[in-house]
Amino acid sequence: MKTIDLHVHSTYSDGSLTPEELVSLALTSGLSALALTDHDTTEGVDQAVDAAAGTGLEVIPGIEFSTRFLHRDIHILGYWIDHHSASFQRRLNEFLDARTVRNRQMCERIRQYTNAPISLARLERCFPDAVITRAHMAAWLMDNGFVETRSIAFDKYLGEHAPCFVPKSDVTPQDAIRLILENGGVPVLAHPLLYALSKKQLRALLGDLKECGLLGIEAVYVQNRGSDEAFVRSLAEEYGLLITGGSDFHGENKPDIALGTGIKSGLSIPYTLLTELKKARRINNSRES
Ligand code: AMP
Ligand code: ZN
Ligand code: FE
Ligand code: FE
């Protein structure tokens, strides 16, 4: 069976491999397609596309937007956005400005709680190409001896319920979906079971987002347990959404997760999901034009 991975991070956000290294790894892992979905940036997309040219690996341009809804960090994946559009990049910069403000506030809190001399400028020097995320703060704290492990950094300081956490702005999932659609992309709700929403809240969210133009939901996901995938598939059916799948690969920043196959090879994402997604893209774009 041809397999794919539609959720992958590079050094342009909080992954540890460059786009070129991801392409090499995808080829040696036997994947047929890979979508690069860095947090709030498309900077690595062209490099990945160029690296894959002539290799037989299909690279799908992607992004993973961080948005805020019901006091949660909701992630919206966008595929095939016209990322060269100047107006799209301008809007993306507005999203990134909100992240910068929040990152500064978080660094200040971390300084207060740990006495660590962390600052956004320092993080940017350490990770020059990257959109700075909490994963970089965790890595910095670990590399400089202020915490022993990443998970301690999240438990004690950076996690959603920890004292140094600051939410990002007020970009909503609806804003992200509209932006993706306006630029020819296909919007998909990432890892719907990671938001600690009740079934009722999740259904309300899906109803809202579907109305806004959401086209897919990530049903095949690295952290699924037991009947999780079946449940998300049933939601997809209920709301008329396509299904996508991904490992959320971050390289060394999430060392248990392998590209394409996830944790302990538990993941297998069939190419047929991508075929359906491509159909949705065509239908959607012919409706727009
Ligand atoms: P941010 O977008 O700045 O809020 O950072 C989110 C990123 O931090 C996620 O995509 C993960 O890569 C990482 N992250 C969040 N929570 C954890 C956790 N508990 N353990 C390890 N990494 C995490
Ligand atoms: Zn991440
Ligand atoms: Fe995510
Ligand atoms: Fe992700």
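In each ligand, atom 1 is the first atom listed, and ligand 1 is the first ligand listed. Just so it is clear, the model here is predicted, and its values are computed rather than measured.
For Lys254, the closest heavy-atom approach to ligand 1 falls below 4.0 Å. Within the structure, ligand 1 lacks Met137 among the residues with a heavy atom less than 4.0 angstrom away.
Residues Leu25 and Phe249 form a side-chain contact, since some pair of their non-hydrogen atoms from C-beta on lies under 4.5 Å apart. Arg90 is not listed as a side-chain neighbour of Asn93, based on a closest heavy-atom distance of 4.5 Å or more.
In this structure, the ring of His191 has its center less than 6.0 angstrom from the ring center of Tyr195. Taking the six-membered ring wherever Trp is involved, the centroid distance between the rings of Tyr157 and Tyr113 does not fall below 6.0 Å.
Taking a 6.0 Å sphere around NZ of Lys156, one finds it holds 12 or fewer heavy atoms contributed by other residues, nucleotides or ligands. Residue Arg203 places its CZ atom among more than 12 non-hydrogen atoms of other residues, nucleotides or ligands, all under 6.0 Å distant. For CD of Glu211, the number of neighbouring non-hydrogen atoms (other residues, nucleotides, ligands) closer than 6.0 Å is 12 at most.
In this structure, Val232 is a member of the same hydrophobic cluster as Leu202, with clusters built from ILVMFWY side-chain heavy atoms closer than 4.5 Å. Ile74 and Phe165 are not part of a single hydrophobic cluster, where members link through side-chain heavy atoms under 4.5 Å apart. Linking Ile, Leu, Val, Met, Phe, Trp and Tyr residues whenever their side-chain heavy atoms come within less than 4.5 Å leaves Ile132 and Phe95 in two separate clusters.
At least one N/O/S atom of His250, whether from backbone or side chain, sits less than 2.8 Å from the Zn ion (ligand 2). Taking 2.8 Å as the threshold, His9 counts as a candidate ligand of the Fe ion (ligand 4), since one of its N, O or S atoms lies below it. Because the distance cut-off is set at 2.8 Å, His191 fails to qualify as a neighbour of the Fe ion (ligand 4), as none of its N, O or S atoms comes that close.
The atom name of the N/O/S atom in Asp248 closest to the Fe ion (ligand 4) is OD1. When you scan the N, O or S atoms of Asp14 for the one nearest the Zn ion (ligand 2), you land on OD2. Within His7, the N, O or S atom at minimum distance from the Fe ion (ligand 4) carries the name NE2. Distances from the Fe ion (ligand 4) to each N, O or S atom of Glu64 single out OE1 as the nearest.
Close contacts between ligand 1 and Ala135 involve ligand atoms 8 (O) [criterion: under 4.0 Å to a heavy atom]. Close approach of ligand 1 to Lys168 (heavy-atom distance below 4.0 Å) involves ligand atoms 1 (P), 2 (O), 4 (O).
Among all protein heavy atoms, the one lying closest to atom 23 (C) of ligand 1 is Phe154 CZ, 3.2 Å. Atom 12 (O) of ligand 1 has as its closest protein heavy atom Asp14 OD2, 2.7 Å.
Remark: ligand 1 and His250 share an N or O pair separated by less than 3.5 Å (distance only, no angle test). Considering backbone and side-chain atoms together, His75 places no N or O closer than 3.5 Å to any N or O of ligand 1.
Of the heavy atoms in Arg102, only side-chain atoms (C-beta onward) come closer than 4.0 Å to ligand 1. In Arg150, neither the side chain nor the backbone holds a heavy atom less than 4.0 Å from any atom of ligand 1.
Side-chain polar atoms of Asp97 and Thr100 form no donor-acceptor pair below 3.5 angstrom.
Taking each of Arg99, His39, Arg134 in turn, the one with a heavy atom nearest to atom 2 (O) of ligand 1 proves to be Arg99.
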